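One structure is given below, encoded as structure tokens.
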There are 2 protein chains.
Amino acid sequence: MSADPALRREIPDATVARLPEYLRTLSRLAEDGVLSVSSEELAAEVGVRSAQLRKDLSHLGSYGVRGVGYDVETLALEISRALGLTEDWPVAIVGMGNLGHALASYSGFVTKGFRIVGLYDDDPALTDERIVGIAIRPLAELSADHAVDPIAIGVIATPAPAAQAVCDALVGAGISSILNFAPAVLSVPSGVDVRRVDLSTELQILAFHAQRKSLAAGDLQSAVVAQ
Amino acid sequence: MSADPALRREIPDATVARLPEYLRTLSRLAEDGVLSVSSEELAAEVGVRSAQLRKDLSHLGSYGVRGVGYDVETLALEISRALGLTEDWPVAIVGMGNLGHALASYSGFVTKGFRIVGLYDDDPALTDERIVGIAIRPLAELSADHAVDPIAIGVIATPAPAAQAVCDALVGAGISSILNFAPAVLSVPSGVDVRRVDLSTELQILAFHAQRKSLAAGDLQSAVVAQ
DNA sequence: TCCTGTGAACAACTTCACAGCA
DNA sequence: TGCTGTGAAGTTGTTCACAGGA
């Protein structure tokens with residue numbers, strides 16, 4: 001008998017990827033004083049089908065009321081719990097160039113569940129600068145810092161060539177969740193979780209679709225040319 | 001008869017999402033002087049299965065040689081063509097806070113196919129500042145700029161509350177590809193393509209998996225507690 | 001009656017395994 | 001022989017449609 005059935009079940013990856021969106025929307029509704037939503041309404045806000053939303057939520061447990069809908073606050077809490085946001089996750093950022101600076105001062109960071117505990121960069125010009133009250137320190141000190149005050153998630157915001165070495169340092173220190181902003185594939189031992197956020201990949205996907213659109217628009221024309 | 005059969009076929013979304021990764025890796029190999037790769041080797045570099053790689057590439061056409069592998073340069077060119085990177089995509093960034101600054105000076109931007117043509121922000125304190133040689137101007141001027149020198153892709157780097165209004169302005173100006181960094185769901189008319197990059201969603205997904213790991217590690221303990 | 005929760009049908013994607021060509 | 005390209009099988013994710021409880 002487990003304290004939390006939601007955590008016992010297998011939650012599909014596709015569902016996990018959507019939960020943050022549901023949570024964000026529910027938080028906004030709660031701020032607006034909305035007490036209850038139907039799957040139809042919430043799905044419309046988030047931009048998914050209501051059946052999808054209901055199936056997703058069914059993986060967490062049964063928190064809706066038939067004929068009525070979902071209590072906004074309860075559902076937000078249950079999603080937070082499923083995602084593990086009821087505890088605090090200490091985050092360290094490595095690489096304090098433009099992007100690192102932007103990430104450190106990004107307000108959304110602090111919002112819920114995440115707390116920046118360390119900023120690292122080996123450039124002496126940056127060392128000891130303070131951002132949001134935290135000093136930038138050499139990467140070599142991360143391991144000792146982690147031993148004193150554990151880091152749960154490491155964020156890599158360095159240029160691509162440095163990323164693997166930084167990653168190795170993080171893994172070596174015992175950190176097993178990594179968010180990588182560098183355009184590089186990282187190799188890590190099994191058990192370590194890496195997610196990548198990449199601007200240029202996203203731009204290229206947009207370019208692909210933009211190209212399709214312009215080809216479709218010019219179809220008649222190119223058909224003539226091709227004759 | 002079309003000039004480019006790759007563009008006629010349907011390429012699955014999942015494949016399109018991986019093409020940029022293949023391209024990046026091939027470019028690196030080309031720089032290192034590698035002339036030819038097998039699907040096995042390339043897949044290992046990218047971190048996918050070789051069968052997946054071959055199936056993905058088969059959607060573009062047949063550019064490999066049986067018994068040998070793929071010519072690195074040819075394959076890179078064909079992927080570039082499929083993604084539409086043989087033409088140049090003019091990009092505008094709206095919202096020049098920390099993130100906008102970081103994006104504007106991000107070198108990966110210029111690499112291939114993308115070129116920043118405009119930076120916009122309504123904060124008078126920022127207006128006329130120059131980044132990478134481009135002046136920051138009020139959003140109201142975007143539409144006129146677009147008419148003179150077209151913008152293909154709009155990047156939204158504003159806070160969430162401003163995102164929808166900025167999006168409406170971009171769409172109103174006739175831009176139909178948008179990359180959104182604000183943590184907000186945008187509603188757009190059909191035909192407009194929005195992709196979102198969101199730090200906190202990624203962190204929350206990491207937190208979910210980290211939580212699973214720590215639960216699994218503490219399983220024996222919690223089993224005892226649950227009795 | 002209304003809206004949730006879910007089995008069943010369907011669609012997309014991945015992996016397997018091998019035919020076929022250099 | 002060696003590696004690509006691809007049908008077929010297997011897996012995962014989505015949508016439908018309705019049973020069932022408030």
Side-chain angles (χ1 to χ4, degrees), chain A residues 5-6 8-22 25-26 29 34-76 78-79 82 205 208-209, chain B residues 5-6 8-22 25-26 29 34-79 82 205 208-209 212:
Chain A
R8 294 276 143 191
R9 301 190 194 207
E10 250 351 284
I11 303 181
D13 285 349
T15 294
V16 173
R18 283 185 293 266
L19 290 179
E21 203 59 62
Y22 301 158
T25 303
L26 285 166
L29 291 176
V34 177
L35 298 176
S36 174
V37 267
S38 67
S39 63
E40 204 67 57
E41 293 163 339
L42 183 54
E45 290 282 329
V46 173
V48 301
R49 308 280 177 124
S50 64
Q52 170 114 269
L53 175 62
R54 290 199 301 278
K55 177 135 293 187
D56 283 342
L57 296 181
S58 75
H59 291 110
L60 312 190
S62 196
Y63 300 113
V65 181
R66 285 162 201 250
V68 178
Y70 300 87
D71 179 77
V72 170
E73 214 152 311
T74 307
L75 188 54
E78 290 303 333
I79 294 177
I205 295 171
F208 172 82
H209 291 292
Chain B
R8 293 277 145 192
R9 301 189 193 208
E10 250 352 284
I11 302 181
D13 285 349
T15 294
V16 172
R18 282 185 295 266
L19 291 179
E21 203 59 61
Y22 301 157
T25 303
L26 285 166
L29 291 176
V34 177
L35 298 176
S36 173
V37 267
S38 67
S39 63
E40 204 68 56
E41 294 163 340
L42 183 53
E45 290 282 328
V46 173
V48 302
R49 308 281 177 122
S50 64
Q52 170 115 266
L53 174 62
R54 289 199 301 277
K55 179 135 291 191
D56 283 342
L57 296 182
S58 75
H59 291 111
L60 311 191
S62 195
Y63 300 113
V65 181
R66 286 162 202 251
V68 178
Y70 300 88
D71 178 77
V72 170
E73 214 151 310
T74 307
L75 188 54
L77 180 67
E78 289 304 333
I79 294 177
I205 295 171
F208 172 81
H209 290 292
R212 297 233 120 190

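Remember, it's a predicted structure, so these values are computed and weren't measured experimentally. Protein chains get the first letters and strands the later ones, always in sequence-line order, with residue 1 at the start of each.
- The CG atom of Asp13(A) sits 11 Å away from the P atom of dT14(D) (whole-angstrom rounding).
- Checked options Val72(B), Leu42(B), Val37(B); the residue passing with Thr25(B) is Leu42(B) (criterion: side chain to side chain contact (heavy atoms under 4.5 Å, CB included)).
- A sub-4.0 Å separation between OP1 or OP2 of dT4(D) and a side-chain N or O of Ser39(B) is present.
- The phosphate of dG5(C) has OP1 or OP2 within less than 4.0 Å of a side-chain N or O from Ser62(A).
- As rounded to whole Å, 14 Å separates atom C1' of dC10(C) from atom CD of Gln52(A).
- For the pair Ser36(B) and Glu41(B), the tightest heavy-atom approach, listed with the atom from each and the gap, is O-OE1, 4.2 Å.
- Among dA17(D), dT4(D), dC13(C), the nucleotide with an atom closest to any side-chain atom of Ala51(A) is dA17(D).
- Among all heavy-atom pairs drawn from Ile11(B) and His59(B), the shortest one is CG1-O, 4.2 Å.
- For the OP1/OP2 pair of dC3(D) and a distance below 4.0 Å, the side-chain nitrogens and oxygens of Tyr63(B) include no atom meeting the criterion.
- Across all non-hydrogen atoms, the minimal contact from Ile205(B) to Pro20(A) is CG1-CG, 4.5 Å.
- Side-chain nitrogen and oxygen atoms of Arg18(A) include at least one within less than 4.0 Å of the OP1 or OP2 phosphate oxygen of dT14(D).
- Of all the heavy atoms in Leu60(A) and Ala82(A), the pair that sits closest is CD2-CB, 3.9 Å.
- Atom CD of Glu78(B) and atom P of dG5(D) are 12 Å apart (whole Å).
- Residue Leu60(B) contributes atom CG, which lies 10 Å from atom P of dG5(D) at whole-angstrom precision.
- Atom CD in Glu10(A) sits about 14 Å away from atom C1' in dT11(D), given to the nearest Å.
- Comparing Tyr70(B) and Lys55(A) along DNA chain D, the residue whose closest nucleotide (by nearest heavy atom) sits nearer the 5' end is Tyr70(B).
- Nucleotides of DNA chain D nearest to Gly69(B) and Asp56(A) differ in position, and the one nearer the 5' end is that of Gly69(B).
- If you measure from atom CG of Leu57(B) to atom P of dG5(D), you get 7 Å, rounded to the nearest angstrom.
- Between the C1' atom of dA17(C) and the CZ atom of Arg49(B) lies a distance of 14 Å, rounded to the nearest Å.
- Atom CZ in Arg66(B) sits about 13 Å away from atom P in dA19(C), given to the nearest Å.
- Contact annotation for Arg54(B): base contact, defined as any heavy-atom pair under 4.0 Å involving a base atom.
- Here the nucleotide nearest the side chain of Val65(A), chosen from dG2(D), dT14(D), dA22(D), is dA22(D).
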